[in-house]
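The sequence lines fix the lettering, A, B, ..., with proteins before strands; numbering per chain opens at 1. These figures come from a predicted structure and were not determined experimentally.
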Amino acid sequence: MITPPDRTPLPREFFDRPVLEVAPDLLGRILVRTTPDGPIALRLTEVEAYDGAADPGSHAYRGRTARNDVMFGPPGHVYVYFTYGMWFCMNLVCGPEGRASAVLLRAGEVIEGAELARKRRLSARNDKELAKGPARLATALGVDRALNGTDACAPGETPLRILTGTATGSDQVSNGPRTGVAGDGGVHPWRFWVSNDPTVSPYRAHVPRRRRS
DNA sequence: GTACGGATGTTCT
DNA sequence: GAACATCCGTACC
């Protein structure tokens, strides 16, 4: 059960900082998805930073396009993309505006609305797997393209918002290479997670796809 | 427990 | 036409 002051929304200024400051500071924060059936809330346990045009692993690396447009906009908004023909993943845009940096939300612990999340994640064998991985997280929360560009810092009962929660102490934060990122983009240790948390997804190196027959 | 390949369609070259 | 910030079922220790 969430009680104040955990329920205080994070202000936009929180996101108007360099992405490498924001990413580890997001661990332990609470993401609330409001659906017609009720709220689903999770505590963030794993994230990855993507630092705009300078970052070969970022969707913004080759400039502004229709898909990544939200990344170039103001901080505190949600960038949702569709990948591998089946899945959605969600990011929170960080400042300064125009830099096109964002934090990929990779995993979390469902702390409210677990029964709703289970209905969306029928293949999950236990509750730790409900949001263990970026596409699983988006699926558990019912996040799709319709939420691309949503302001997560807006007041009120918005579809998606982010609350202060309890920030994870830096002594409990681990970091390492980003998952599934190809080439030079994989060298940066810009994946951050809560040490020893059972909801963190396993690391997988990038695997080039083989051509279909 | 780890390893592998298929599913699926949007995006960009 | 190829790549893709992934997941899942099956096979095999």
On DNA chain B, more 5' by nearest nucleotide between A:Met86 and A:Arg145 is A:Met86
5' precedence on DNA chain B between A:Trp87 and A:His59 (nearest-nucleotide basis):
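On the 5' side of the pair lies A:Trp87.
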Do A:Asp197 and A:Thr199 meet the criterion of a side-chain donor-acceptor pair at a distance under 3.5 Å?
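A donor-acceptor contact under 3.5 Å links the two side chains.
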Please state how far atom [atom1] in [X] lies from atom [atom2] in [N], giving the value in whole angstrom units.
X: A:Asp69; N: B:dC12; atom1: CG; atom2: P; answer: 11 Å
X: A:Asn68; N: C:dC4; atom1: CG; atom2: P; answer: 16 Å
X: A:Trp190; N: C:dA5; atom1: CH2; atom2: C1'; answer: 14 Å
X: A:Leu122; N: C:dC7; atom1: CG; atom2: C1'; answer: 14 Å
X: A:Arg120; N: C:dC8; atom1: CZ; atom2: C1'; answer: 20 Å
X: A:Phe88; N: C:dC7; atom1: CZ; atom2: C1'; answer: 14 Å
X: A:Phe82; N: B:dC12; atom1: CZ; atom2: C1'; answer: 16 Å
X: A:Glu129; N: B:dG1; atom1: CD; atom2: P; answer: 10 Å

Pair A:Arg17-A:Asp25, salt bridge (Lys or Arg N to Asp or Glu O under 4.0 Å): steps then yes or no
CA-CA 11 Å; A:Arg17 293 185 288 156; A:Asp25 201 6; 2.9 Å; yes
Measuring from the side chain of A:Ser123 (C-beta onward, heavy atoms only), which nucleotide among B:dT11, C:dG9, C:dC4 has the closest atom?
C:dG9
Out of C:dA5, B:dA7, B:dG9, which has the shortest distance to the side chain of A:Tyr50?
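Out of C:dA5, B:dA7, B:dG9, the nucleotide with an atom closest to A:Tyr50's side chain is C:dA5.
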Going by salt bridge (Lys or Arg N to Asp or Glu O under 4.0 Å), name the pairs with one or both residues in residues 151-160 of chain A, residues two or more places apart or in two chains.
A:Arg12-A:Asp151, A:Glu157-A:Arg161
Please check the phosphate of C:dC8 (OP1 and OP2 only) for any side-chain N or O of A:Arg121 closer than 4.0 Å.
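Affirmative; the distance criterion is met.
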Below the 4.0 Å mark, does C:dA5 have OP1 or OP2 next to a side-chain nitrogen or oxygen of A:Arg191?
no
Pairing string, 5' to 3', for DNA chain C - Watson-Crick or wobble contacts under 3.5 Å, brackets [ ] where pairs cross, | to another strand
||||.|||||||.
Once you apply a heavy-atom cut-off of 4.0 Å, does [X] come out as touching a base, just sugar-phosphate, or nothing?
X: A:Arg136; result: sugar-phosphate
X: A:Thr65; result: sugar-phosphate
X: A:Arg125; result: nothing
X: A:Arg67; result: sugar-phosphate
X: A:His206; result: sugar-phosphate
X: A:Gly133; result: sugar-phosphate

Flag side-chain contact, heavy atom, 4.5 Å: A:Val19 against A:Tyr50:
no
Would you check if A:Val78 and A:Leu92 make a side-chain contact, meaning some heavy-atom pair closer than 4.5 Å?
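SC-SC contact between A:Val78 and A:Leu92 confirmed.
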Flag as yes if A:Tyr84 stacks onto the base of B:dG9 (centroids under 5.5 Å, planes under 30°), otherwise no.
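No; by the centre-distance and plane-angle rule, A:Tyr84 does not count as stacking on B:dG9.
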Using atom P in both nucleotides, what's the gap between B:dG6 and C:dA2 to the nearest angstrom?
16 Å
Is there a donor-acceptor pair under 3.5 Å between the side chain of A:Thr164 and the backbone N or O of A:Leu10?
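No; judged by distance alone, with no hydrogens or angles, the pair does not exist.
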Enumerate, atom names and distances included, each donor-acceptor pair closer than 3.5 Å involving a side-chain atom of residues 177-189 of chain A, sequence neighbours excluded.
unit_1: A:Arg178; atom_1: NE; unit_2: A:Gly185; atom_2: O; d: 3.4
unit_1: A:Arg178; atom_1: NH1; unit_2: A:Ala49; atom_2: O; d: 2.9
unit_1: A:Arg178; atom_1: NH1; unit_2: A:Asp55; atom_2: OD2; d: 2.7
unit_1: A:Arg178; atom_1: NH2; unit_2: A:Asp55; atom_2: OD1; d: 3.0
unit_1: A:Arg178; atom_1: NH2; unit_2: A:Gly185; atom_2: O; d: 2.5

Ion pair A:Glu46/A:Arg191, N-O distance below 4.0 Å
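Yes, A:Glu46 and A:Arg191 are salt-bridged.
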Between A:Ala124 and A:Ser58, name the one whose nearest nucleotide on DNA chain C is closer to the 5' end.
A:Ser58
